[in-house]
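Note that the numbering runs from 1 along the sequence shown for the chain. We use all heavy atoms of the structure for the numbers below, so side chains are in, but hydrogens, waters and symmetry mates are not. Note that this is a predicted model, so its numbers are computed, not measured.
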Amino acid sequence: MGYLIPGLFTISYVIYGLSMLQYSIDLFDKNIFTNSIVFFVFCYIAGLIIQEIGSMIERYELRKIFKDTYSENILKKDSQIITLTDKIKCWNIMKKHFKIPIDLHIKEKYKLSKKMGEYGHICYIRCRETLKYAYRNANILNQSEVFNIHYCMSRNLLASTLLGIIYFSFITMFMTFKTGQVYILGTILFLIMYFGSKLFYRRSQRYAKYHVNNTITLYLATYDNSDAPQIVTAR
């Protein structure tokens, strides 16, 4: 559904945009069953493409914008994703359970920030993989993965609305030049896509944070890592 729904949304507005230009493509025969299968296959493929576009946007832009909501930042001093107590528990887990040597006393701020980002990402990945293995064996979808599904769908819809902004801006400009008047319908759809992108951006940001937070807290709850804090945080 994370591919199908964004793909359905994208294909629908693309087809509607073509009808605004009085242009159509006859892809279907007269059999409604066959038409439905072909349509949903197109939607799924479009969803896969949107997924890849969303991944590229995430890699180069969203991580900078989301700042505190990604796994690389969970253990940093100013991160509000998990509590300080849980951060210290994570340091203990990394040192004792995952056997990862850690050094929190690097003096240079940039190197310390980079190292803590690396630790945070390793901690998140190890916790997530452990949970996925444990819950998959029990045939249960854990809560952190539910939040991840919501995040991925929101991110894909965000990518789709960003493409929609470009798509309807071109249609609006083309029809405005063609008719010599401002194309009102295209402008309205452009604005809908713009406000939709703002909405899905906020939703993506929220669910990214929920996912990372629940991955850590669920791991700490599932595996009784309630040792008293031992690691001294970085000065």
For [X] and [Y], I'd like to know if the aromatic rings sit close, meaning centre-to-centre distance below 6.0 Å.
{"X": "Phe168", "Y": "Phe190", "result": "no"}
{"X": "His150", "Y": "Tyr207", "result": "yes"}
{"X": "Phe174", "Y": "Phe170", "result": "no"}
{"X": "Tyr44", "Y": "Phe39", "result": "no"}

Positive for side-chain contact (heavy atoms from CB on, under 4.5 Å) with Ile216, one of Leu220, Leu218, Asn214: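 The residue from Leu220, Leu218, Asn214 that satisfies side-chain contact (heavy atoms from CB on, under 4.5 Å) with Ile216 turns out to be Leu220.
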Criterion side chain to side chain donor-acceptor pair (under 3.5 Å) against Ser154, the qualifying member of Arg203, Gln205, Arg202: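 Option passing the side chain to side chain donor-acceptor pair (under 3.5 Å) with Ser154: Arg203.
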For the [atom1] atom of [X] and the [atom2] atom of [Y], what is their distance to the nearest 0.5 Å?
{"X": "Ile122", "Y": "Tyr119", "atom1": "CD1", "atom2": "OH", "value": "7.5 Å"}
{"X": "Asn156", "Y": "Glu58", "atom1": "CG", "atom2": "CD", "value": "10.0 Å"}
{"X": "Asp86", "Y": "Trp91", "atom1": "CG", "atom2": "CH2", "value": "13.5 Å"}

Closest non-hydrogen atom pair between Lys77 and Lys87, with its separation: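 Closest approach of Lys77 to Lys87, heavy atoms only: O-NZ, 3.6 Å.
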Parallel, tilted or perpendicular: ring planes of His211 versus Tyr124, cut at 30 and 60 degrees: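 The arrangement is perpendicular - the two ring planes meet at more than 60°.
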Neighbour count >12 (heavy atoms, 6.0 Å) for atom CZ, Phe66: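 Counting neighbours around CZ of Phe66, more than 12 heavy atoms of other residues, nucleotides or ligands fall under 6.0 Å, so yes.
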Backbone N/O of Tyr194 and side chain of Ser197: donor-acceptor pair under 3.5 Å: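 Checking the backbone N and O of Tyr194 against the side chain of Ser197, a donor-acceptor pair under 3.5 Å is found.
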Backbone of Gln51 reached by a side-chain donor or acceptor of Ser55 within 3.5 Å: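 Looks like yes, one N/O pair under 3.5 Å.
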Leu162 reachable from Phe195 in the ILVMFWY side-chain graph, under 4.5 Å edges: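 As far as the 4.5 Å side-chain criterion goes, Leu162 and Phe195 are connected within one cluster.
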Verdict with supporting geometry, Thr172 and Thr187, side chain to side chain donor-acceptor pair (under 3.5 Å): CA-CA 6 Å; Thr172 302; Thr187 304; 4.6 Å; no
